[in-house]
Amino acid sequence: MSPLTIVGLGGSLARRSHSLAALRVALDGAANEGAATTLLDLRELDLPLYNPDDEREPPAAASQLIESCYAADGMLWSSPMYQGTISGAFKNALDWLHALGSREPPFLHDEVIGLISAAGGTQGLQAINTMEFAVRALRGWAVPYVIPVASAFRVFDADGQITDEAVELQLRTLGAEVVRVATRFVDHTTAQRARACEESAERVISAVA
Ligand SMILES: Cc1cc2nc3c(=O)[nH]c(=O)nc-3n(C[C@H](O)[C@H](O)[C@H](O)COP(=O)(O)O)c2cc1C
């Protein structure tokens, strides 16, 4: 079986982003479980604001976001905590995924998503809860284990390296958990497809007998 693809989406527009640093650690945890990983760094993507009235083809960065997210078996989302919730930049990225509504299956159908936030204080769970609403709206499945990184400035050094072993373990565990659950979804889908093929073969045999 080819490796699962896990796409990490997040970070802030700041040059030194703790939410991005946290995302990198969780993606590494997913890679350690054999997943092929892709990082969508919001600062690098530099997405324009989503405008539903704009009927032109999405710009290259938005297309990369849309196609990478659609092709993923699972995702890791990591937002900074801004004013008690997710950042505008992170929400804007999610808004671009509206383009997936006309696909079949639509949006992030059956994708398994792990949630991370980085807060200056201790209220990171509010951003996670907001993300969970968006996971549902986009037809994904959030794993129950979530990582709200509190006092993020204490957890990473100036180079973005993680210095807190307990938080590192939590983030790696989340990456591994997304791979574990995404594997179950893939197995189930494969088994469903195999059953559908068997049933159709049986119908053909009984029709010619
Ligand atoms: C505009 C803004 C709003 C913020 N609001 C909150 C907040 O409501 N609660 C909190 O704990 N930290 C808040 N912070 C601190 C950030 O969550 C913290 O610096 C975090 O590390 C930012 O993510 P980043 O390092 O990826 O940029 C805020 C920071 C900014 C710039």
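Atoms within a ligand are numbered from 1 in the order they appear, just like the ligands themselves.
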I need the minimum non-hydrogen distance between [X] and [Y], along with the two atoms involved.
X: L42; Y: A93; answer: CD2-CB, 3.7 Å
X: S19; Y: S79; answer: CB-C, 3.8 Å
X: V7; Y: A72; answer: CG2-CB, 3.6 Å
X: I116; Y: A26; answer: CD1-CB, 3.7 Å

For this session: Verify the distance criterion only: is there a donor paired with an acceptor across the side chains of S12 and S87 at less than 3.5 Å?
Result: no
Numbering as shown, the atoms of ligand 1 that approach [X] to under 4.0 Å (heavy-atom distance):
X: A118; value: 17 (O), 20 (C)
X: G84; value: 7 (C), 8 (O)
X: S17; value: 24 (P), 25 (O), 26 (O)

Quick test: of every protein heavy atom, which one is nearest to [atom], and how far off is it to 0.1 Å?
atom: atom 31 (C) of ligand 1; value: Y82 CE1, 3.6 Å
atom: atom 25 (O) of ligand 1; value: H18 N, 2.7 Å
atom: atom 22 (C) of ligand 1; value: P80 CB, 3.6 Å
atom: atom 5 (N) of ligand 1; value: Q83 N, 2.9 Å
atom: atom 11 (O) of ligand 1; value: G121 N, 2.7 Å
atom: atom 27 (O) of ligand 1; value: S12 OG, 2.7 Å
atom: atom 28 (C) of ligand 1; value: M81 O, 3.4 Å
atom: atom 15 (C) of ligand 1; value: G120 N, 3.6 Å

Exercise. Within a distance of under 4.0 Å, is there any protein heavy atom near atom 19 (O) of ligand 1?
Worked result: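 No, there is none.
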Exercise. Given side chains that start at C-beta, do those of L174 and L115 come closer than 4.5 Å, heavy atoms only?
Worked result: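 Counting from C-beta outward, L174 and L115 never come under 4.5 Å.
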Problem set entry | Residue pairs passing the ring pair (Phe, Tyr, Trp, His ring centres under 6.0 Å) test where at least one lies in residues 2-54, sequence neighbours excluded |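 As it turns out, the ring pair (Phe, Tyr, Trp, His ring centres under 6.0 Å) pairs with a partner in residues 2-54, which skip direct neighbours, are H18-F156, Y50-W96.
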Exercise. Is it true that Q123 lies under 4.0 Å from ligand 1, counting heavy atoms only?
Worked result: no
Problem set entry | Enclosure of R43 CZ (heavy-atom neighbours >12, cutoff 6.0 Å) | yes
Exercise. Do other residues, nucleotides or ligands put more than 12 heavy atoms under 6.0 Å from R103 CZ?
Worked result: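 Atom CZ in R103 is crowded, with more than 12 foreign heavy atoms closer than 6.0 Å.
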Exercise. Quick one: which of S78, A21, S19 has a heavy atom closest to atom 26 (O) of ligand 1?
Worked result: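 The nearest heavy atom belongs to S19.
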